[in-house]
Amino acid sequence: MMLLYGLITGVIFGFLLQKARVIRYDKQLGALRLMDMTIVKFMFSTILVAMVGTYLLKDLGLVKLSIKPTVLGAVILGGLIFGIGWGLLGYCPGTSAGALGEGRFDAIWGILGMLVGAGLYAEVYPAMKKTVLTWGNLGKITFPQVLGLNHWVLIPFFVIGGLILFWWFEKKGL
Amino acid sequence: MEIAEKKAWSPYLAGALSGVLSILSIWIAGKYFGASTTFVRSAGMIEKIIGPERIAKMPYFIKDVPEIDWQWMFVVGIFIGSLISSITSSTFLWKGVPDMWEKRFGPNRWKRGIVAFAGGVIAMFGARLADG
């Protein structure tokens with residue numbers, strides 16, 4: 001059943017990604033080059049809606065949050081490395097499958113590369129666990145917890161901030 | 001290209017609908033969206049063909065077991081969903097060199113392929129390091 005849920009969710013998500021044209025190299029590089037914010041509009045819209053809904057369900061006791069530990073060394077280094085790779089490839093792990101779905105077959109090379117990258121990381125994981133993955137480990141933290149505020153105090157700030165950003169994108173024609 | 005752009009959905013609308021989809025997924029299946037773990041499981045599945053004993057002992061493959069799970073099907077689904085959407089809207093385009101790339105680096109498919117491959121290796125290594 002889980003597998004079927006995964007497939008159905010993926011099909012709908014892939015459909016929406018393709019409809020919004022966000023799985024294209026030109027759109028992804030457009031965002032990285034600060035020329036076209038289409039994918040940022042998509043991502044932030046998703047995040048803002050999901051943030052409100054997920055916290056609502058959490059307060060109703062229907063879902064559990066999935067919080068990953070914040071390890072500064074790993075997140076900063078990993079983020080920088082990911083950024084270099086993303087800039088070269090022009091697709092991220094999820095969108096590469098979508099890009100291939102709409103016929104952008106250069107994504108195949110990216111998918112093969114990502115399989116090799118995952119295999120490489122598995123090789124060095126024991127060494128990383130002793131080094132980078134211990135640098136600046138802050139544990140499973142969240143904004144509400146760190147700031148000592150209720151999440152419903154913070155959520156409006158994120159939503160308003162997002163809307164201001166959208167307004168600015170539209171004004172600048174990005 | 002122009003016609004294809006006109007048929008596009010607003011990124012705000014499609015993004016918000018994806019947000020609703022993600023809420024439903026968390027609610028119904030208890031699953032948060034993700035994609036990169038799938039590449040770890042798949043790499044493990046491929047490596048298992050060559051040396052199953054070795055893979056069984058590797059800590060990373062003990063953590064992310066090389067098998068098909070919810071997320072693996074989710075990633076396959078993204079491919080299928082994009083295929084359905086592009087074919088039904090006539091925006092499917094068999095293309096090995098993106099426009100923006102071609103303008104700057106030329107139409108050579110191999111050049112693009114090599115950089116895409118290298119980018120993939122680097123991007124996935126970084127993504128896994130950051131646990132994203």
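Computed from heavy atoms alone, side chains included, the values below leave out hydrogens, waters and symmetry copies. In what follows, every chain begins at residue 1, and chains take the letters A, B, ... in the order their sequences are listed.
Interface remark: A:K41 contributes backbone and side-chain atoms alike to the contact with chain B (heavy atom separation under 4.5 Å). Neither the backbone nor the side chain of A:F44 comes within contact range of chain B, judged by heavy atoms closer than 4.5 Å. With a 4.5 Å cut-off on non-hydrogen atoms, A:L3 touches chain B through its backbone and its side chain both. The parts of A:I12 that come within reach of chain B are both its backbone and its side chain, each placing non-hydrogen atoms under 4.5 angstrom from that chain. When heavy atoms are compared at a cutoff of 4.5 Å, B:E47 approaches chain A solely by way of its side chain, counted from C-beta outward. Neither the backbone nor the side chain of A:L56 comes within contact range of chain B; no heavy atom of the residue lies under 4.5 Å from a heavy atom of that chain. Using a 4.5 Å cut-off between heavy atoms, A:V71 makes no contact with chain B at all. If you measure heavy-atom distances from A:L133 to chain B, the contacts under 4.5 Å come from the side chain alone. Residue B:R128 touches chain A through both its backbone and its side chain, counting heavy-atom pairs closer than 4.5 Å. With a 4.5 angstrom heavy-atom cutoff, A:M128 touches chain B only via side-chain atoms. With a 4.5 Å cut-off on non-hydrogen atoms, A:S96 touches chain B through its side chain but not through its backbone. Residue contact with chain A, scored on non-hydrogen atoms closer than 4.5 Å, involves the side chain of B:Y32 exclusively. Using a 4.5 Å cut-off between heavy atoms, B:W101 contacts chain A through both its backbone and its side chain. Looking at A:Y125, only its side chain comes within 4.5 Å of chain B, counting heavy atoms on both sides. Of the two parts of A:K64, only the backbone, made up of N, CA, C and O, holds a non-hydrogen atom closer than 4.5 Å to a non-hydrogen atom of chain B. Residue A:V52 does not touch chain B at all, counting heavy-atom pairs closer than 4.5 Å. If you measure heavy-atom distances from A:L72 to chain B, you find no contacts under 4.5 Å at all.
There is a side-chain donor-acceptor pair under 3.5 Å between A:D59 and A:W152. Neither side chain, A:Y25 nor B:D99, offers a donor N or O lying under 3.5 Å from an acceptor on the other.
Of all heavy-atom pairs between B:R41 and B:D64, the closest is NH1-C, 3.6 Å. Minimum interatomic distance between B:T91 and A:R21 (heavy atoms only, all atoms of both residues): CG2-NH2, 3.5 Å.
Most heavy-atom pairs under 4.5 Å with chain A: of the set B:V97, B:I26, B:D131, this distinction falls to B:D131. Chain B forms the most heavy-atom pairs under 4.5 Å with one residue out of A:V116, A:L57, A:I39, and that residue is A:L57. For the set B:P59, B:P98, B:A43, the entry with the most heavy-atom pairs within less than 4.5 Å of chain A is B:P98. For the set A:L88, A:D106, A:I111, the count of heavy-atom pairs under 4.5 angstrom toward chain B peaks at A:D106. Of the residues considered (B:S42, B:G34, B:S85), B:S85 shows the highest number of contacts with chain A, using heavy-atom pairs under 4.5 Å. Among the candidates A:L115, A:L77, A:V124, A:V40, the residue making the largest number of heavy-atom pairs closer than 4.5 Å to chain B is A:L115. Contact count versus chain B (heavy atoms, under 4.5 Å) is highest, among A:G14, A:G94, A:G103, for A:G103. Taking B:S25, B:G30, B:S18, B:S10 one by one and counting their heavy-atom pairs under 4.5 Å with chain A, the maximum is reached by B:S18. Interface check for chain B: of the options A:I81, A:L4, A:V22, the most heavy-atom pairs under 4.5 Å are formed by A:I81. Chosen from A:A74, A:P69, A:G119, the residue pairing most often with chain B at heavy-atom distances under 4.5 Å is A:A74. Per-residue heavy-atom pair counts under 4.5 Å with chain A were compared for B:S22, B:A118, B:A35, B:G113, and the maximum is reached by B:G113. The candidate from B:A130, B:G44, B:G132 with the greatest count of non-hydrogen atom pairs under 4.5 Å with chain A is B:A130.
Salt bridge annotation for A:E102-A:R104: present, with a cationic side-chain nitrogen under 4.0 angstrom from a carboxylate oxygen. For the pair B:E67 and B:K48, the salt-bridge criterion is not met [side-chain N within less than 4.0 Å of a carboxylate O]. Between B:E102 and B:R109 there is no salt bridge, since no side-chain nitrogen of the basic residue lies less than 4.0 Å from a carboxylate oxygen of the acidic one.
Between the B:S82 side chain and the A:G98 main chain, a donor and an acceptor come within less than 3.5 Å of each other. The backbone N or O of B:G15 sits less than 3.5 Å from a side-chain atom of A:T46, completing a donor-acceptor pair.
Ring planes of A:F13 and B:F33: tilted class, angle from 30 to 60°. Using a 30° and 60° split on the angle between ring planes, A:Y121 and B:Y60 fall in the perpendicular class, above 60°. The aromatic rings of B:F74 and B:W70 sit parallel to each other, their planes meeting at less than 30°, with 60° as the upper class boundary.
You'll find the side chain of B:I55 reaches within 4.5 Å of the side chain of B:P66, heavy atoms only. Looking only at side-chain heavy atoms (C-beta outward), A:M51 and A:V159 come within less than 4.5 Å of each other. With a 4.5 Å cut-off on side-chain heavy atoms, A:I23 and A:Q18 count as touching.
Residues B:I50 and B:F61 are members of separate hydrophobic clusters, defined by side-chain heavy-atom contacts under 4.5 angstrom among Ile, Leu, Val, Met, Phe, Trp and Tyr. A:M37 is connected to A:L165 through a chain of hydrophobic side-chain contacts under 4.5 Å among Ile, Leu, Val, Met, Phe, Trp and Tyr, so both are in one cluster.
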